[in-house]
2 protein chains.
Amino acid sequence: MFIIVMPSATVENYLKCILMLSMECKGAEVPMGLIANSLGVTPGTATSMMKNLQREKWLTYKSRKGVTLTASGKKLGMRMIRRHRLLETFLVETLGLDWSEIHDEAEELEHSISEKVLERLDVFLGNPQHDPHGHPIPTKGGVIRKLPQKTLLDSLLGKKMKIESILDQGSDFLKFAQKKGLMPGKMITIIKRDKMADTIELQLEKKSKFSLGFKSAEKILVSG
Amino acid sequence: MFIIVMPSATVENYLKCILMLSMECKGAEVPMGLIANSLGVTPGTATSMMKNLQREKWLTYKSRKGVTLTASGKKLGMRMIRRHRLLETFLVETLGLDWSEIHDEAEELEHSISEKVLERLDVFLGNPQHDPHGHPIPTKGGVIRKLPQKTLLDSLLGKKMKIESILDQGSDFLKFAQKKGLMPGKMITIIKRDKMADTIELQLEKKSKFSLGFKSAEKILVSG
DNA sequence: GTCATAATTTTGATTAATCAAAGTAATGCC
DNA sequence: GGCATTACTTTGATTAATCAAAATTATGAC
């Protein structure tokens with residue numbers, strides 16, 4: 001006889017959080033600090049939880065290094081992202097809730113909605129590809145449809161984008177880009193676009209703002 | 001500064017369960033045994049939980065007697081019944097789930113859906129009065145709309161009904177009714193209706209089946 | 001009324017998730 | 001390269017919810 005133990009809401013939250021961090025911040029391992037921080041728990045709590053999660057094969061944990069999700073960990077994390085984004089879509093599209101309120105609501109519901117109800121909801125909503133914030137909804141199989149890439153020049157103001165690649169392979173521009181931190185994987189936001197001055201003002205993650213000419217901005221592919 | 005402590009899902013379950021038991025089975029107190037039984041916990045667990053619930057003013061507990069809900073206990077219990085029934089309605093009406101599957105789904109969701117989302121759902125569904133099983137949905141204020149009363153003769157086959165009152169006040173019939181257990185508050189189900197024999201076959205709670213003539217059946221008012 | 005049986009309460013333990021605070025390791029600045 | 005700062009781990013305690021099993025109290029049949 002098998003007993004299927006459902007992961008607790010807490011486990012689901014940790015895995016979703018770790019998956020999202022691992023997608024945003026490059027590097028093999030996700031460090032403890034980020035995890036504790038984004039879940040709002042003390043570092044000690046995060047450490048001890050990681051040991052449990054490792055014991056249950058959701059991830060591997062290297063002391064003072066960080067964690068890496070296993071295949072099943074990624075799968076569960078993706079499932080949670082799917083749930084969250086489908087629920088957000090439902091709350092906005094069907095019930096007319098406000099953009100600003102839906103995150104917390106979905107955060108609660110995502111742990112108690114069953115697979116069956118979720119798939120019905122997906123059909124009811126017409127298999128949406130994106131949630132109300134524009135984030136892609138992973139498929140049932142756990143695949144995130146790749147977002148179309150655009151150049152930084154064509155992107156929306158104020159939207160957090162992910163740098164996908166640098167088109168100019170000349171070492172000068174690459175060196176410049178690296179120095180500024182303009183590297184694939186980093187998140188970037190356009191603060192201002194000044195047509196007269198032929199510049200866009202950028203904010204790279206937590207770093208200070210800086211500007212780029214239109215010509216250079218066209219060399220940077222982003223998504224998101 | 002106030003901190004509003006949300007009752008846990010466990011507390012919500014206990015109170016909903018106790019409220020339902022108190023409506024089905026009359027008597028001032030709901031006995032421990034029933035509670036432990038319907039929640040599937042050991043008697044000891046129920047006892048210790050009742051002490052906590054009493055400390056938090058959800059009910060009053062008399063040792064070896066049972067418990068009675070306070071006003072706030074009733075209110076929370078009603079709120080849970082409302083949630084449950086509205087969710088069941090949504091699952092059937094909107095998502096097309098099967099009658100048989102919805103109970104467990106709703107049982108989970110009722111603890112994580114917010115007041116706001118619930119009221120939106122209510123509007124979306126057109127303020128339904130009954131869930132798919134025909135049970136009345138309490139109002140937002142926690143009032144259960146009284147079900148119309150019918151005579152036992154006019155009631156549906158196989159539906160569990162609550163005995164509301166006995167019309168014939170003659171002591172003979174009352175004595176007979178009492179002996180059979182046909183008393184207000186008891187739950188009764190019509191097993192069979194036999195027009196030729198002029199009888200209906202009844203099942204009273206856990207007792208054995210018995211029959212009643214059409215004429216007598218008309219003297220018993222039921223609801224539900 | 002007296003026991004056997006049933007109902008309830010007590011007691012002692014367990015598990016998951018958390019925190020505070022103390023201890024240890026790594027990073028990085030001059 | 002040494003020491004301050006930051007990051008992480010350990011330890012010991014707490015809380016809610018639960019069980020098993022022992023102890024107690026009611027109930028009911030005779």
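The sequence lines fix the lettering, A, B, ..., with proteins before strands; numbering per chain opens at 1.
Note: CG (A:Leu53) to C1' (D:dT9) measures 16 Å, nearest angstrom. Remark: P of D:dC8 and CG of A:Asn37 are 10 Å apart, rounded to the nearest angstrom. Look at CZ on B:Arg55: it is 10 Å from P on D:dT15, rounded to the nearest Å. The CD-P distance, from B:Glu29 to D:dA26, rounds to 14 Å in whole Å. Spacing between atom CG of A:Asn52 and atom P of C:dT18 amounts to 10 Å, rounded to whole angstrom units. We find that NZ of B:Lys65 is positioned 14 Å from P of D:dT25, with the value rounded to whole Å. Between B:Met50 atom CE and D:dT18 atom P the separation is 10 Å, expressed in whole Å. With rounding to whole Å, A:Leu39 atom CG is found 12 Å from C:dA17 atom C1'.
Interatomic distance, CE of A:Met20 versus CD1 of A:Ile18, reported as 11.0 Å (0.5 Å rounding).
Under the 4.0 Å criterion applied to side-chain N and carboxylate O atoms, B:Arg79 and B:Glu110 are not assigned as salt-bridge partners.
Among the atoms of the strands shown, only primed sugar atoms or phosphate atoms (P, OP1, OP2) are found under 4.0 Å from some heavy atom of B:Gly33.
Taking the nucleotide of DNA chain D with the nearest heavy atom to each of B:Met49 and B:Gly44, the more 5' of the two is matched to B:Met49. Each of A:Ser48 and B:Lys51 was matched to the nucleotide of DNA chain C holding its nearest heavy atom; the match closer to the 5' end belongs to B:Lys51. Residue B:Thr45 is the one, among B:Thr45 and A:Glu56, whose nearest nucleotide of DNA chain C lies closer to the 5' end (criterion: closest heavy atom).
Between A:Thr42 and C:dA20 there is no side-chain N or O to OP1 or OP2 distance below 4.0 Å. OP1 and OP2 of D:dT25 both lie 4.0 Å or more from every side-chain N or O belonging to B:Ser63. The phosphate of C:dT18 (OP1 or OP2) has a side-chain N or O of A:Tyr14 nearer than 4.0 angstrom. Contact annotation: A:Ser8 side-chain N/O to C:dA17 OP1/OP2 distance is under 4.0 Å.
No donor-acceptor contact under 3.5 angstrom links the side chains of B:Asp131 and B:His84, judged on distance only.
The side chain of A:Val11 lies closest to C:dA17 when the candidates are C:dA17, C:dT8, D:dT9. Ranking D:dA17, C:dA17, D:dT9 by closeness to the B:Thr10 side chain, first place goes to D:dA17. With D:dA7, C:dA17, C:dT9 as the candidates, the nucleotide lying closest to the side chain of A:Arg64 is D:dA7.
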Run the numbers on A:Glu105 and B:Lys116 for salt bridge (charged side-chain N to carboxylate O under 4.0 Å, His left out), then give the verdict. CA-CA 9 Å; A:Glu105 302 279 3; B:Lys116 174 149 209 172; over 6 Å; no
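A ring pair (Phe, Tyr, Trp, His ring centres under 6.0 Å) check over residues 7-61 of chain B, counting only residues at least two apart or in different chains, returns nothing.
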